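Here is the structure we will look at.
Because the structure is predicted, anything quoted here is derived from the model rather than measured. So that the names make sense, note that chain A is the first sequence line, chain B the second, and so on, each numbered from 1.
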Amino acid sequence: MSLESLTTYIVNRLPELWLRTGEHIMLTGFSTGTAILIGIPLGIIIFRNAWLRAPVMAVIGILQTIPSLAMLVFLLALLQKIGALPALIALTLYALLPIVRNTLTGLKGVSPQVIEAATGIGMTKYQRLKLVRIPLAASVIIAGIRTAAVVGVGIATLSAFIGAGGLGQFINRGLALYDTKLILLGAVPTALLALIVDFSIGAFEWGFRPERKKDKKGLVKSLVRPLALMMPLLLIMTAGILSYFTRPLSGIQTEAVSKTSTRTIRIATKNFTEQLILGEIMAQLIEARTDLFVERYFNLGGTMICHNALVHGQIDLYAEYIGTGLTVILKYPVISDPEEALSQVREAYKKRFNARWLKPFGFNNTYAITVRTADAKSYGWTRISDIQKAAPRLRAGFTAEFTERPDGYPGLRQIYGLRFGEIRDLDPAIMYEAVSKGEVDVICAFVTDGRIAAYNLKSLEDDRQFFPPYHAAPVIRGEILEEHKKLRDVLALLEGLLDNATMQSLNFKVDGKGYSPAQVAGAFLKSQGLL
Amino acid sequence: MIRLIHVSKSFDGGRSYAVKDLSFQVNDGEILVLLGSSGCGKTTTLKMVNRLIEPTEGIIEVNGKNVMEQAPVALRRRIGYVFQGIGLFPHMTIEKNVALIPSLMGWPLQKIQERVRELLELVDLPPEDYAKRFPDELSGGQQQRVGLARALAADPAYLLMDEPLGALDALTRDILQQKLLDIKKQLKKTIIFVTHDIFEALLIGDRIAILHKGHLQQIGTKEEVLSAPATEFVHDLFAKPARQLADFKDIL
Ligand SMILES: Nc1ncnc2c1ncn2[C@@H]1O[C@H](COP(=O)(O)OP(=O)(O)OP(=O)(O)O)[C@@H](O)[C@H]1O
Ligand SMILES: [Mg+2]
């Protein structure tokens, strides 16, 4: 990429970059702030009550070892809420360890001679803590806060998985689209931000240190110290200003507006290409055909996150697959007849979640057990049953979801008796490349993925009709549909419009040709005369 | 008045004693010097007086009342303490170190400032130069003098001084010894002064108490301890320096 196009690439995304940077600083700032408010008193309490030290440090230490993503998903399930709150709680819990530990270490590290002198001249316990112990421990405590904040900047990138915004949004989108530029657009500012945070807290620490007589010279010097002390505050204020002023510019509506306005519809997607395209198609169609304002909650981290958000009224609409609704959400047994499966999920969703399945888009994005075409030719594989004998010698690359879902590998083992020699968890974005390069031999491809053809892969026939139908359809909250009856007709325009070949080519335009999902969706709607 | 009645202290549950069966009395306005070699229990004795250490046995009275029945913070504020290890607060300026107890006791700001100035001048640290410095910007002897000023700050009736002049050269030491005697005379302080310097003991003490391995050997005026040493230890203690002094005169 030339320097010029790199510049335009960045300039075009500048408003959103500012917005996400602002959000990122807010997330880190608020969580670190909360952790300070909890952590320092907690550190003092366990310093004074030695018997509490081991249990408290153990609990905080264990929290720290929970993988960040697992923590986010767990909090999501607990709070039944997507967005900033679970992210802030997770970040606060992670920030706690360095702050509490350093508070304790700092307080313990004060010289016993100094403490004896403080006691001996007649200071009370509280005065010793406030006037001697805490000031002498301050630099160690601040070092803990510094660690917490810098680590927090890194972890905060994961908040994007649950719709909390921040620079992780770019990384997430980049991962979904397998777009290195987007990933860097999130990762580089994150790294810079970590350095800035580190510097600003370092400056604060310097400004906080007692001023020495010989340091003091001139007016400028006397201004430097207060300025250094204010650095972290300035950083957070900058963030507030950034996200306040760039929000309208970046075309992303504020949450406050969405709560007060009933003329908004919130559309979500999971974090892969097809979902982003479907989300854009629905969004652009609604924008063109109704006077509703669309708010995009794209790239949420998976089925359960989208579903929970819908059920709890945090989003209004997303595209779901019949088989997923059936087996993953409803936990029903696999049904292979599409009509039957759709009517089952329709009924159950209406009763249990007050949500409606609208008319399917047409394509059936089922899983396909897929191998290299060359292998299929030389071993004569055409059906899944054909690889049963060879399976123990084959290495499979499955998405993490597929490995666990009842309509995934567990069912496949049962029905076809497949026992692969090795199973690796792969991200959907890299699965196709991995099999074509021979790093694995079998993958669980999505039928509509353009990369099956592009990488010269062969999908094997599901000869025992194991996979349920995965026709995608808009799933919408009942209340929203009641309120805006027109939506049913508008979304019905998309019925049957996207067959497998069409969806495959749209996906490939994004994955293979580098167009954005919004561009592809817009072009598609125009070609159908809908825009 | 400070009074110790059969006071013992063991740090190891009675197997050995840092101080054993110690009884003496310091009258109002008197300087009692505690003299003895390293590890004989001098610091332990001082710390028991202001309750930094609790005695294992016996009773200590300050102002006619058992210290164990007095509120420790109030007791300590009435007793100025100069620590052997100095123990200045490293994060506070010299000025703040000296002002700390008066300000905790709620003195008016003006009075505190005057007091700090007066004390720093007394210990020969001109406030213009030293008030705003931090302890680590001072020499060991200068720090020791700040420790002395801090102990005097709230104008306590009692003073416990644990080798307060240990790190000073002979000259500065002589000046401060004279000042201490002035203070005592003018302000009628009751003082326990710890040293292992015999000449200092003879110069400063109204009476001298000699400790050896936790046991009191003798207590009395300098004339009494010099003319009638009660034990062999006391005799040896003074005999050796006397011989050295004689040798020194010969050289001159
Ligand atoms: N906290 C303590 N725990 C155990 N033993 C102690 C403690 N403090 C003092 N001791 C012991 O008690 C004895 C007397 O100690 P103390 O500090 O009173 O001596 P000192 O006369 O002040 O000596 P120096 O002139 O060296 O300061 C020593 O043997 C010392 O090891
Ligand atoms: Mg001592």
Looking only at heavy atoms, which two atoms of [X] and [Y] are closest? And how far apart?
{"X": "B:Arg76", "Y": "A:Gly120", "result": "CB-O, 3.5 Å"}
{"X": "B:Gly85", "Y": "A:Gln113", "result": "O-OE1, 3.4 Å"}
{"X": "A:Met123", "Y": "B:Phe89", "result": "SD-CZ, 4.1 Å"}
{"X": "A:Leu136", "Y": "B:Pro90", "result": "CD2-CG, 3.7 Å"}
{"X": "B:Gly87", "Y": "A:Ala117", "result": "O-CB, 3.2 Å"}
{"X": "A:Ile121", "Y": "B:Arg77", "result": "O-CG, 4.0 Å"}

With only heavy atoms counted, which part of B:Arg150 is less than 4.5 Å from chain A, the side chain, the backbone, both or neither? side chain

Taking side chain as everything from C-beta outward and backbone as N, CA, C, O, which of these in B:Met92 sits under 4.5 Å from a heavy atom of chain A? Side chain, backbone, both or neither. side chain

How about [atom1] on [X], more than 12 heavy atoms from neighbouring residues, nucleotides or ligands closer than 6.0 Å, or not?
{"X": "B:Lys179", "atom1": "NZ", "value": "yes"}
{"X": "B:Arg117", "atom1": "CZ", "value": "no"}
{"X": "A:Phe30", "atom1": "CZ", "value": "no"}

Top residue by heavy-atom pair count (under 4.5 Å) with chain A, among B:Asp136, B:Leu88, B:Leu75? B:Asp136

Among B:Thr93, B:Asn50, B:Leu104, which residue has the highest count of heavy-atom pairs closer than 4.5 Å to chain A? B:Leu104

Considering only heavy atoms, which portion of [X] lies under 4.5 Å from any heavy atom of chain B: side chain, backbone, both, or neither?
{"X": "A:Ala138", "value": "neither"}
{"X": "A:Gln127", "value": "side chain"}
{"X": "A:Ile115", "value": "neither"}

